[in-house]
Amino acid sequence: MNKRVICALAICLVSSGAMAAGPTIGADNASSFIGKDATVCGKVDSAKYNENSDGQPTFLHLGGKFPVHKFAIRIMGENRGKFTPPPEENLGRMVCVSGRVGRAAGNRAEMEVVDPSELQLL
């Protein structure tokens, strides 16, 4: 994601009242921020509700489709009902999420979201 797009996304976040945590970065750069606070923005390239998996997580994949994505947003089943419409309906949309960037399988970056207010639709 180029610097102009990131700056535009940051302006949208500020104007929408969202509080950015750390720098605003693209999904492609998220792995450099594992263990740090950041606002990660990008297009939802694939989405999956794993209703038969432990914890029933929903994943939104940014920076490429699963399994070659650069960043994932994880919403556990216990929090899924808070999201209307269901999170996977954001496929193809630009989103930003703020918080601590974590490490997922394959050394990919991810962030867990527990409330719809943490996921900004652009």
Side-chain angles (χ1 to χ4, degrees):
M1 184 175 294
N2 69 39
K3 289 183 180 182
R4 286 186 196 178
V5 173
I6 291 174
C7 288
L9 292 172
I11 291 168
C12 288
L13 284 173
V14 171
S15 65
S16 71
M19 298 301 277
T24 299
I25 59 171
D28 290 344
N29 298 322
S31 63
S32 298
F33 286 83
I34 290 174
K36 300 176 185 171
D37 290 337
T39 297
V40 182
C41 300
K43 184 178 109 182
V44 178
D45 292 316
S46 64
K48 176 74 172 155
Y49 172 37
N50 294 324
E51 59 189 309
N52 295 321
S53 294
D54 187 35
Q56 298 181 313
T58 300
F59 292 97
L60 304 179
H61 303 106
L62 285 61
K65 293 181 180 180
F66 179 85
V68 295
H69 59 286
K70 302 290 185 187
F71 180 76
I73 298 168
R74 181 172 29 100
I75 302 164
M76 298 306 291
E78 65 190 11
N79 297 310
R80 181 180 162 78
K82 300 175 187 176
F83 292 80
T84 304
E88 66 273 15
E89 290 189 21
N90 292 311
L91 183 63
R93 303 234 5 222
M94 293 293 293
V95 301
C96 290
V97 61
S98 295
R100 179 71 41 106
V101 179
R103 183 182 314 274
N107 207 30
R108 289 190 183 94
E110 78 167 13
M111 191 178 297
E112 183 174 354
V113 172
V114 298
D115 190 85
S117 65
E118 297 172 305
L119 181 68
Q120 300 297 315
L121 303 175
L122 307 176

Asker: Quick one, Pro57 and Ile75 - any side-chain contact, counting heavy atoms below 4.5 Å?
Answerer: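 No, their side chains stay 4.5 Å or more apart.
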
Asker: Taking only residues two or more places apart in sequence or in another chain, which ones pass side-chain hydrogen bond (donor to acceptor under 3.5 Å, both in side chains) with Asn79?
Answerer: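 With neighbours one apart ignored, the set is Lys82.
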
Asker: Could you see if Ile34 belongs to whatever hydrophobic cluster contains Val97? Use Ile, Leu, Val, Met, Phe, Trp, Tyr and a side-chain cutoff under 4.5 Å.
Answerer: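 Cluster IDs for Ile34 and Val97 match.
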
Asker: For the residue pair Pro87 and Phe59, establish whether any side-chain heavy-atom pair is separated by less than 4.5 Å.
Answerer: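 In short, these two side chains do not touch, never coming nearer than 4.5 Å.
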
Asker: Does anything in residues 44-53 pair up under salt bridge (charged side-chain N to carboxylate O under 4.0 Å, His left out), and if so which pairs, sequence neighbours excluded?
Answerer: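 Residue pairs with at least one partner in residues 44-53: Lys43-Asp45.
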
Asker: Dump the intermediate steps for side-chain contact (heavy atoms from CB on, under 4.5 Å) on Phe83 and Val113, then the final yes or no.
Answerer: CA-CA 11 Å; Phe83 292 80; Val113 172; 3.7 Å; yes

Asker: Suppose we screen for side-chain hydrogen bond (donor to acceptor under 3.5 Å, both in side chains). Which residues come up paired with Arg93, at least two apart in sequence or across chains?
Answerer: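 For Arg93, no residue satisfies side-chain hydrogen bond (donor to acceptor under 3.5 Å, both in side chains) once neighbours in sequence are set aside.
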
Asker: How long is the gap from OG on Ser32 to CD1 on Ile25, to the nearest 0.5 Å?
Answerer: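 One gets 7.5 Å once the value is rounded to the nearest 0.5 Å.
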
Asker: What pair of heavy atoms forms the shortest contact from Val101 to Ala109, and how long is it?
Answerer: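 Closest heavy-atom pair between Val101 and Ala109: CG1-CB, 3.7 Å.
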
Asker: Indicate every side-chain donor-acceptor pair of residues 63-74 with a distance under 3.5 Å to a residue at least two apart or in another chain.
Answerer:
| residue | atom | partner | partner atom | Å |
| --- | --- | --- | --- | --- |
| Arg74 | NE | Glu110 | OE2 | 2.9 |
| Arg74 | NH1 | Glu112 | OE1 | 3.1 |
| Arg74 | NH2 | Glu110 | OE2 | 2.6 |

Asker: Report yes if some heavy atom in the side chain of Val40 is under 4.5 Å from a heavy atom in the side chain of Met111; otherwise report no.
Answerer: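 Yes, close enough: below the 4.5 Å cut-off.
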
Asker: I need the Glu118 CD to Cys96 SG distance, nearest 0.5 Å.
Answerer: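 Between atom CD of Glu118 and atom SG of Cys96 there are 13.5 Å.
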
Asker: Of all the heavy-atom pairs spanning Arg80 and Pro86, show the shortest one and how long it is.
Answerer: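 Between these two residues, the closest heavy atoms are NH2-CB, 3.7 Å.
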
Asker: One pair to check against side-chain contact (heavy atoms from CB on, under 4.5 Å): Gln56 and Tyr49. What are the steps and the verdict?
Answerer: CA-CA 7 Å; Gln56 298 181 313; Tyr49 172 37; 4.1 Å; yes

Asker: With the side chain counted from C-beta on, respond yes when Met94 and Cys41 share a heavy-atom pair under 4.5 Å apart, and no when they do not.
Answerer: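 Met94 does not reach Cys41 side chain to side chain.
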
Asker: List for me each residue that meets side-chain hydrogen bond (donor to acceptor under 3.5 Å, both in side chains) alongside Ser31, sequence neighbours excluded, and say none if there are none.
Answerer: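 Result, side-chain hydrogen bond (donor to acceptor under 3.5 Å, both in side chains) vs Ser31: none returned.
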
Asker: Using the test side-chain hydrogen bond (donor to acceptor under 3.5 Å, both in side chains), find all partners of Asn52 that sit at least two apart in sequence or belong to another chain.
Answerer: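 With neighbours one apart ignored, the set is empty.
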
Asker: Working note: Val44 + Leu62, criterion side-chain contact (heavy atoms from CB on, under 4.5 Å); need CA distance, chi angles, decisive distance, verdict.
Answerer: CA-CA 5 Å; Val44 178; Leu62 285 61; 4.2 Å; yes

Asker: Passes side-chain contact (heavy atoms from CB on, under 4.5 Å), Asn90 versus Leu119? Steps please.
Answerer: CA-CA 11 Å; Asn90 292 311; Leu119 181 68; 4.1 Å; yes

Asker: Surrounding CG of Asp115 (heavy atoms of other residues, nucleotides or ligands, distance under 6.0 Å), is the total greater than 12?
Answerer: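 Count over threshold, so yes.
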
Asker: Can you see which heavy atom on Asp37 is nearest to which on Arg100, and at what distance?
Answerer: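 Between these two residues, the closest heavy atoms are OD1-NE, 2.9 Å.
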
Asker: How far apart are the closest heavy atoms of Ala47 and Leu60, and which atoms are they?
Answerer: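 Result for this residue pair: CB-CD2, 3.7 Å.
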
